[in-house]
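First up is the structure itself, then whatever we jot down about it.
By convention in this document, chain letters (A, B, ...) are assigned in the order of the sequence lines, proteins followed by strands, and residues within each chain are numbered from 1.
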Amino acid sequence: MTAAPLPAACAAVLRRDLTLAWRRRGDIAMPVLYALIVATLFPFALGPEQALLQRIAGGVVLVTVLLAMLLALDAMFRSDIEDGSLEQLVLAPQPLAVLLGMKILAHWLTTALPLIVVAPLLAGMLHLPAEVIPVLLLALLLATPMLSLLGAVLVALTAGTRRSGMLLALMLLPLCVPVVIFAAGAVAAAQQGLPWLAPIAWLGAALALTLVLAPLGCAVALRIALDA
Amino acid sequence: MSDWIPLWLHKLGSPPVFYRFAGALRPWMLALALLLGAVALYGGLVLAPADYQQGDAYRIIFIHVPSAWMSLFIYGVMAVASFIALVWRIKLAEVVAMESAPVGACFTFITLVTGSLWGKPMWGTWWTWDARLTSELVLLFLYLGVIGLYHAFEDRRQGARAAAFLAIVGIINVPIVHFSVNWWNTLHQGSTVRILGPSKMSGDMLWPLLTMMAATKFYYLASLFGRIRADLLAMESGKDWVRQIAAREEAR
Amino acid sequence: MGGYAAYVWPAYAVFFVVLAADFFAPALRRRRNLRELRARLARQSARQQRSASS
């Protein structure tokens with residue numbers, strides 16, 4: 001038996017994950033709904049004063065998106081572990097890191113992309129000025145893949161455990177501190193009329209680094225967590 | 001195995017040998033820690049004069065700064081042991097890494113609490129989002145994540161290996177966090193907080209600080225050895241040498 | 001302590017209490033593990049004696 005070429009294997013993994021996600025369309029809507037609920041609650045807690053909401057809008061949208069992604073992160077590998085297909089992936093002749101990268105891409109497409117689509121709506125609800133919204137979207141486009149990649153490493157580490165929800169949040173917090181700082185920094189700078197390119201450039205550099213390292217780390221973590 | 005590593009080092013990696021070795025060294029480490037700690041406290045609380053700016057409140061420095069150093073030092077030890085554990089799969093390195101984490105978390109917690117108690121009279125606030133304070137808080141979360149991951153696994157060795165990997169990810173993260181928090185702090189409101197630098201310290205304040213640092217190092221070794229001994233007994237509970245120890249303790 | 005006693009002494013108390021707790025926790029764990037091991041061994045030997053006598 002000859003191994004399938006790498007591009008074909010990658011396409012197969014991606015197609016399979018997207019098909020599975022499409023069959024459970026309700027699950028895709030969950031993080032979006034969660035983000036909407038959180039963003040709705042903020043004005044109730046802080047009062048409808050426009051100036052205050054405007055000031056915190058960027059940060060609130062970012063943290064809301066982060067929490068919504070955290071909600072979906074737990075399920076990234078769960079069904080694959082339950083039906084054993086993750087072990088098949090580990091045993092596949094193709095490099096595990098690349099295949100996992102495809103799985104992470106599929107996860108990003110199904111959870112982060114819908115969140116980015118509704119982000120302007122969330123920002124509008126909190127009166128973020130319209131000219132800042134492109135910067136917010138750019139920051140989210142760079143920050144959410146990074147969260148998916150970093151989260152995937154941690155989810156892989158907890159693959160062998162039962163209860164992992166709260167633990168995942170605890171482990172992700174130190175890793176996402178820089179991401180949140182730079183993403184929110186870019187939005188805040190744009191809002192104050194300052195140059196916002198530097199934090200965006202930092203985010204891009206960090207994304208390039210995690211894009212290379214995280215799939216490799218994810219593969220190592222998965223091998224550790226699955227070898228019993 | 002490479003022949004430049006002496007035989008005794010290989011032997012030390014075996015659990016019963018290390019159990020005895022740690023048991024023999026531990027009282028000495030503890031005695032040194034207590035002695036140096038007592039000397040440092042006498043020097044710091046009695047001999048050293050009050051600071052002309054901060055009065056007597058600065059005396060918190062004699063526990064705050066050594067604890068802060070230890071919180072970073074122990075994280076470094078944990079990361080190195082984790083690396084050894086993952087690359088060479090030495091059981092003892094796993095134990096060292098995993099039993100360092102609670103000690104490091106204790107020191108980080110002490111650093112945060114004493115810093116808070118120092119900050120209240122000096123800066124007028126219990127907490128400020130200063131770069132150093134925030135990094136220390138993130139460090140505490142890193143420790144808690146490692147401890148939590150270790151205990152989430154049914155199998156101890158598997159848990160130790162997963163947590164060791166997390167520790168290595170964490171040590172890459174620490175400088176990034178520190179850098180980003182610095183950047184963030186200058187972007188927002190520049191912090192006016194300054195802790196008095198060691199360079200400006202006079203000799204009779206400096207020596208108790210350094211003595212206390214040595215005391216905390218020895219304390220760490222004593223505590224670590226005690227933890228490793230307890231862990232080795234739990235891990236090897238099916239083995240003969242542990243049964244002998246159990247029988248001997250009962251006779252006493 | 002020049003008016004700062006309320007801050008200095010709690011700081012030292014935290015230092016010593018946390019480190020003491022850290023130091024004595026493994027001793028307790030060790031004793032518990034050994035007790036459990038002894039109980040397990042006792043159960044095992046009792047079972048062996050029973051099966052030998054019957």
Side-chain angles (χ1 to χ4, degrees), chain B residues 30 33 37 41 44-45 50-51 54-64 66-67 99 102-107 109-122 212 216 219-220 222-235 237-238 242-243 245-250, chain C:
Chain B
L30 185 62
L41 284 185
L45 292 178
D51 188 75
Q54 303 202 352
D56 279 315
Y58 89 95
R59 293 188 198 276
I60 294 175
I61 200 176
F62 299 117
I63 50 174
H64 176 72
S67 301
E99 293 303 319
V103 191
C106 280
F107 274 113
F109 177 74
I110 290 172
T111 309
L112 286 169
V113 172
T114 55
S116 193
L117 280 166
W118 194 4
K120 183 64 185 163
M122 286 303 110
M212 196 50 145
T216 49
Y219 169 80
Y220 165 54
S223 174
L224 180 66
F225 282 171
R227 288 176 168 277
I228 291 175
R229 274 161 63 92
D231 217 35
L232 286 178
L233 283 187
M235 270 172 80
S237 63
V242 180
R243 288 182 189 191
I245 290 169
R248 212 182 311 137
E249 298 245 326
E250 192 177 30
Chain C
M1 276 291 146
Y4 292 120
Y7 300 105
V8 175
W9 295 124
Y12 277 83
V14 165
F15 181 73
F16 285 109
V17 167
V18 170
L19 288 190
D22 164 69
F23 194 80
F24 289 112
L28 293 178
R29 192 162 48 125
R30 177 173 182 275
R31 201 180 308 158
R32 197 182 60 232
N33 281 334
L34 284 178
R35 201 168 52 227
E36 278 167 11
L37 175 64
R38 274 198 296 273
R40 204 169 66 221
L41 290 177
R43 278 198 301 276
Q44 259 174 21
S45 62
R47 202 178 308 137
Q48 274 162 7
Q49 273 171 4
R50 220 167 336 143
S51 59
S53 61
S54 63

What's the shortest heavy-atom distance between B:A230 and C:P26, and which atoms?
->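 So the two residues come closest at CB-O, 3.6 Å.
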
Spacing of [X] atom [atom1] and [Y] atom [atom2] [to the nearest 0.5 Å]:
X: B:R248; Y: C:L34; atom1: CZ; atom2: CG; answer: 10.5 Å
X: C:Y4; Y: B:I60; atom1: OH; atom2: CD1; answer: 10.5 Å
X: C:F24; Y: B:S223; atom1: CZ; atom2: OG; answer: 10.5 Å
X: C:F15; Y: B:F107; atom1: CZ; atom2: CZ; answer: 6.0 Å

Contact class of C:R35 relative to chain B, heavy atoms under 4.5 angstrom =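 Neither the backbone nor the side chain of C:R35 comes within 4.5 Å of chain B.
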
Does any heavy atom of chain C fall under 4.5 Å from the side chain of [X], the backbone, both, or neither of them?
X: B:A105; result: neither
X: B:S67; result: side chain
X: B:L30; result: side chain
X: B:S116; result: neither
X: B:V113; result: side chain

Might you work through the side-chain contact (heavy atoms from CB on, under 4.5 Å) test for B:S237 and C:E36, ending with a clear yes or no?
-> CA-CA 10 Å; B:S237 63; C:E36 278 167 11; over 6 Å; no

Option among B:L41, B:T114, B:L117 that satisfies the side-chain contact (heavy atoms from CB on, under 4.5 Å) test with C:Y12 =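 Exactly one option meets the side-chain contact (heavy atoms from CB on, under 4.5 Å) with C:Y12, and it is B:L41.
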
Specify which of B:K120, B:R229, B:E99, B:R243 makes the most heavy-atom pairs with chain C at under 4.5 Å.
->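 Heavy-atom pairs under 4.5 Å are most numerous for B:R243.
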
Test side-chain contact (heavy atoms from CB on, under 4.5 Å) applied to B:D231 and C:R29, step by step | CA-CA 9 Å; B:D231 217 35; C:R29 192 162 48 125; 3.5 Å; yes

Counting N and O atoms only, with roles assigned by atom type, does the side chain of C:R38 sit under 3.5 Å from a partner on the main chain of B:A246, one being a donor and the other an acceptor?
->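 Yes.
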
Would you say C:R40 has more than 12 foreign heavy atoms packed within less than 6.0 Å of its CZ?
->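 Counting other residues, nucleotides and ligands, CZ of C:R40 exceeds 12 neighbours.
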
Within 6.0 angstrom of C:Y7 OH, more than 12 heavy atoms from elsewhere =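 Yes, because the 6.0 Å sphere around OH of C:Y7 holds more than 12 heavy atoms from other groups.
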
For each of C:L37, C:V18, C:L19, C:V17, tally heavy-atom pairs with chain B at distances under 4.5 Å, and name the one with the top tally.
->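 Counting heavy-atom pairs under 4.5 Å, the top option is C:L19.
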
